Amino acid sequence: VQLQASGGGLVQAGDTLRLSCAASGRSFDDYGLVWFRQAPGKEREFVAAITRSGFTKKYADSVQGRFTISRDNAKNTMSLLMTSLTVEDTAVYYCAARLQRTSDGSQWYRSPDGMEFWGKGTLVTVSS
């Protein structure tokens, strides 16, 4: 699976931005999908995840209620709608994929080390 993130840019605090991740390759709907982000000088951190079916979604506490993850398996795309942006959301955002297995633990999405495919990041800068 090849992933390509897009949609980043410079916005003001309180604005809304939608990131997209386009995938190529077969069996897109076999993969759980995750957004991570990495701010300057910080480690890459989990933002949001969605299971292969799209039925289950998980969010980091810092974005819960503000961000919404979604996917369209027919179009091989994933999105992250980000509202009420703050300067703390400034980071490079990455989409990632992991083949979902029945043996996966409940926290399969948390660690960047568990991801199998990555897209190039897209920079989101939020100004105050």
Side-chain angles (χ1 to χ4, degrees):
V1 175
Q2 293 184 322
L3 304 172
Q4 179 65 53
S6 62
L10 174 63
V11 297
Q12 293 188 329
D15 282 355
T16 294
L17 195 64
R18 181 185 292 273
L19 304 183
S20 296
C21 180
S24 60
R26 299 182 297 175
S27 303
F28 176 75
D29 57 0
D30 284 342
Y31 291 84
L33 302 173
V34 187
W35 286 99
F36 290 87
R37 67 186 181 187
Q38 188 164 17
K42 295 187 177 181
E43 293 187 351
R44 194 167 297 188
E45 65 174 1
F46 162 73
V47 176
I50 189 167
T51 53
R52 53 186 292 188
S53 67
F55 183 76
T56 301
K57 304 174 183 181
K58 300 291 185 181
Y59 298 94
D61 289 345
S62 60
V63 308
Q64 180 77 50
R66 299 189 298 121
F67 290 11
T68 303
I69 190 171
S70 60
R71 67 186 293 166
D72 185 336
N73 286 344
K75 296 181 178 179
N76 283 13
T77 58
M78 170 177 66
S79 294
L80 184 68
L81 178 64
M82 307 185 294
T83 67
S84 302
L85 285 162
T86 73
V87 294
E88 288 74 28
D89 296 316
T90 294
V92 177
Y93 285 71
Y94 299 88
C95 55
R98 173 184 170 84
L99 185 68
Q100 289 218 267
R101 304 168 178 85
T102 55
S103 59
D104 281 347
S106 61
Q107 303 289 305
W108 62 270
Y109 51 88
R110 285 283 182 185
S111 172
D113 293 340
M115 300 299 111
E116 294 162 331
F117 300 96
W118 289 88
K120 292 183 179 180
T122 185
L123 176 62
V124 174
T125 303
V126 184
S127 64
S128 59

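Since we're looking at a predicted model, the values are computed, not measured.
Summarising the geometry, atom CZ belonging to Arg66 is positioned 7.0 Å from atom OG1 belonging to Thr83; distances are rounded to the nearest 0.5 Å. The line from CG of Leu123 to CG of Leu10 is 9.0 Å long, rounded to the nearest 0.5 Å. Ile50 contributes atom CD1, which lies 13.0 Å from atom OH of Tyr109 (distance to the nearest 0.5 angstrom). Atom-to-atom distance recorded for Tyr93:OH and Leu80:CG is 7.5 Å, nearest 0.5 angstrom. Expressed to the nearest 0.5 Å, how far CE of Met115 lies from CZ of Arg44 amounts to 11.5 Å. Going from atom CG of Asp113 over to atom CZ of Arg98 covers 11.0 Å, rounded to the nearest 0.5 Å.
Salt-bridge formation is not detected for the pair Arg71/Asp29: no Lys NZ or Arg NE/NH1/NH2 atom is positioned less than 4.0 Å from an Asp or Glu carboxylate oxygen.
Taking the six-membered ring for Trp, Phe67 and Tyr59 have ring centres at least 6.0 Å apart.
In the hydrophobic clustering of ILVMFWY residues, with side-chain heavy atoms under 4.5 Å counting as a link, Trp35 and Val11 come out together. One hydrophobic cluster holds both Tyr94 and Val34 under the rule that ILVMFWY side chains link at heavy-atom gaps under 4.5 Å.
Residues meeting the side chain to side chain donor-acceptor pair (under 3.5 Å) test with Tyr31, sequence neighbours left out: none.
Using bins of under 30°, 30° to 60° and over 60° for the plane-to-plane angle, the ring pair Phe36/Phe46 lands in the perpendicular bin.
Listed here is the closest heavy atom pair of Thr122 and Leu19: CG2-CD2, 4.0 Å. The two atoms that bring Leu33 and Ile69 nearest to each other are O-CD1, 4.1 Å, heavy atoms only.
You'll find the side chain of Arg37 stays beyond 4.5 Å of the side chain of Val124, heavy atoms only.
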| Between Glu116 and Arg101, does a salt bridge (charged side-chain N to carboxylate O under 4.0 Å, His left out) hold up when you go through it step by step? | CA-CA 13 Å; Glu116 294 162 331; Arg101 304 168 178 85; 2.5 Å; yes
